[in-house]
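Worth knowing before you read on, the calculation uses all heavy atoms, side chains too, and leaves out hydrogens, waters and symmetry mates. Each chain gets a letter, A, B and so on, in the order the sequences are listed, and its residues count up from 1.
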2 protein chains.
Amino acid sequence: MHATLRDANPPLTRSVEDYLKAIYHLSNQGGFAATSDIAAMLEVAPPSVSGMVKRLSEAGLIEHVPYRGVQLTAQGRRAALRMIRRHRILELYLTQQLGYDWGGVHAEAERLEHAVSDELIDRMAGALGNPQYDPHGDPIPTATGEIEEAELVSLADAGVGTKLELRQVGTQDPARLRYFADQGLTPGVLLTVTARQPFNGPTTIGLVPSGDPRVVGRELALVLWCREVPVTDRGYAGR
Amino acid sequence: MHATLRDANPPLTRSVEDYLKAIYHLSNQGGFAATSDIAAMLEVAPPSVSGMVKRLSEAGLIEHVPYRGVQLTAQGRRAALRMIRRHRILELYLTQQLGYDWGGVHAEAERLEHAVSDELIDRMAGALGNPQYDPHGDPIPTATGEIEEAELVSLADAGVGTKLELRQVGTQDPARLRYFADQGLTPGVLLTVTARQPFNGPTTIGLVPSGDPRVVGRELALVLWCREVPVTDRGYAGR
DNA sequence: CTTCAACATTAGACTATGCTAATTTGAGGA
DNA sequence: TCCTCAAATTAGCATAGTCTAATGTTGAAG
Ligand SMILES: [Mn+2]
Ligand SMILES: [Mn+2]
Ligand SMILES: [Mn+2]
Ligand SMILES: [Mn+2]
């Protein structure tokens, strides 16, 4: 037994768990999560991310390509999905059983997700009837780490009348990205498809909840990847 | 504005909160909590306690008399009672609402007490009908930091048939302390008063749950300070 | 093919918390 | 009174995580 085998599976710290979750959310579709995006999401300085990235990749939780970004390994993905399961079950439980509204519940879950045991999460899930979706409509990973991958549709293909959450902006072009940001079209935004003109015409949408209309040409609409949201959704707060 | 006034009220860390709770439990009745007892309760090495004691007294949370021990200041006591309120409400909620048994609930509460918000604690307390006692019979401090001081009775004065929790051994004599320990009479032990002989005679007790009998002479019984426990109590696990 | 600005990383410092080993202290027993 | 020993403290080191300032890298614009 080598002395270098210190402790194969030390429990993850709160910081590590939050980094893994952030990387999961930022590296959808096999992409890389950028240092500065992780820093922005966790509200830490970029060098703090570089330091953590070193530790996480030494621990086998992520792959790091210098100056490009990071991706989760299978092990890191398992850990991230475990946290996402906890977070979503907690938000659902606090909302349905303790009268929380959607404003306060995210911050509470953000802390509790690191402190609850697997047993408590399973008991909460049981009390809720083992739900498959959280109140945002996001799928809740199973205890064994499977998640129903929300398949994304391009805004150009989405049905008129559907409600969507913008999930990914599939371009790297800074001018286009800047334009989308100006229009309020950033990941996480909710919208409804109001109309679409024929012959590859533009799609008209309304932002939720403001109702502000936007008209998006086909070329741009093709790169706006969205998730369909159940219409039973009420508002949106937190992530 | 002095630069030395860094941050008047930084949030307390998990370690700090656990130290304050331990000191509260160890320094009943205006006594001092000893370094080695704190270390044993928190399962850390004694020098770790010395280090934390320095920080806590610089923060105004405790008073330290070198080589004697520590006591909570008013501020430290407030913080400790806040944690005890959280812990006891959590144990009650997990037991009554989520089917926990008394074995697992203490460890869960020990972690969650640091992560929950005041709002969540108040909601849990509300869902339980704002209880005044936890299932051990211990009083739950109010949100404003008041606690019903469990008044202690000497074993020599306790009524026959009452159920007691040994809370304090009021002697410093090593020989007597060793004897009590040999008899299994250490703080936290539950017992029932079986009989008392007349003319300042000995008290006969039964340990709970083993039922083992003990006979304690008046001189010794006088220094065993106990809290009366409601007879509805079921078992005892955790602290 | 340069140049530059944004992004990433490295360097160096600091806090909180823990450990082991060495030293100091104080109180009870000879 | 003095000795001894358990308890407490100090000294020195380690790890995790954060920061600011300095430096390195890359890709896009000219
Ligand atoms: Mn959330
Ligand atoms: Mn979190
Ligand atoms: Mn407990
Ligand atoms: Mn605790």
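- For the pair A:Arg14 CZ and D:dG17 C1', the computed distance is 13 Å after rounding to whole Å.
- Using a 4.0 Å cut-off, some side-chain N or O of B:Arg68 falls inside it from OP1 or OP2 of C:dA27.
- Atom C1' of nucleotide D:dG17 and atom CD1 of A:Ile38 are separated by 15 Å, given to the nearest angstrom.
- Note on A:Lys54: every side-chain N or O is 4.0 Å or more away from OP1 and OP2 of C:dT9.
- Going from atom CD1 of B:Ile38 over to atom OG of B:Ser48 covers 12.0 Å, rounded to the nearest 0.5 Å.
- The shortest distance between the side-chain N/O atoms of A:Tyr67 and the OP1/OP2 oxygens of D:dT23 is not below 4.0 Å.
- Taking atom CG on B:Leu56 and atom P on C:dT15, their separation rounds to 17 Å, with Å as the unit.
- Remark: A:Arg123 is positioned above the aromatic ring of B:Tyr100, its terminal NZ or CZ atom under 6.0 angstrom from the ring centre and at most 45 degrees off the axis.
- Remark: the A:Thr144 side chain and the A:Thr142 side chain contain an N/O donor-acceptor pair separated by less than 3.5 Å.
- Atom CE of B:Met52 is separated from atom C1' of D:dT10 by 17 Å (rounded to the nearest Å).
- A:Ser48 has a side-chain polar atom (N or O) that falls below the 4.0 Å cut-off from OP1 or OP2 of D:dC19.
- Not one side-chain nitrogen or oxygen of B:Ser36 sits closer than 4.0 Å to the OP1 or OP2 atom of D:dA6.
- C:dA6 atom P lies 16 Å from atom CG of A:Asp37, rounded to whole Å.
- Checked by atom type, the side-chain pair A:Ser27/A:Gln71 shows no donor-acceptor distance below 3.5 Å.
- Residue B:Arg55 has a polar side-chain atom (N or O) positioned under 4.0 Å from OP1 or OP2 of C:dT17.
- Comparing B:Pro46 and A:Ala45 along DNA chain D, the residue whose closest nucleotide (by nearest heavy atom) sits nearer the 5' end is B:Pro46.
- Defining each end axis of the helix from C:dC1-D:dG30 to C:dA30-D:dT1 as the rotation carrying four pairs' C1' atoms onto the next four, with five pairs an end, the two axes are found to diverge by 10° to 10 degrees.
- B:Gly69 and B:His64 make their closest contact through O-CD2, 3.4 Å (heavy atoms, listed as atom of the first residue, atom of the second, distance).
- Residue B:Ser15 places at least one side-chain N or O under 4.0 Å from the OP1 or OP2 atom of C:dG18.
- No side-chain donor from either of A:His87 and A:Asp134 sits under 3.5 Å from a side-chain acceptor of the other.
- Comparing D:dT9, C:dT17, C:dT9 by their closest approach to the side chain of B:Thr13 singles out C:dT17.
- Taking 4.0 angstrom as the limit, B:His64 places a side-chain polar atom (N or O) nearer than this to OP1 or OP2 of D:dT9.
- Distance NE2 (A:His114) to P (D:dG17): 12 Å, rounded to an integer number of Å.
- OP1 or OP2 of C:dT10 has not a single side-chain nitrogen or oxygen of A:Ser50 nearer than 4.0 Å.
- Under 4.0 angstrom from either OP1 or OP2 of C:dA16 there lies no side-chain N or O belonging to B:Tyr19.
- For the residue pair A:Gln75 / A:Thr73, no side-chain donor-acceptor distance below 3.5 Å is found, with atom types taken as modelled.
- Interatomic distance, B:Arg214 CZ to B:Leu207 CG, rounded to the nearest 0.5 Å: 4.5 Å.
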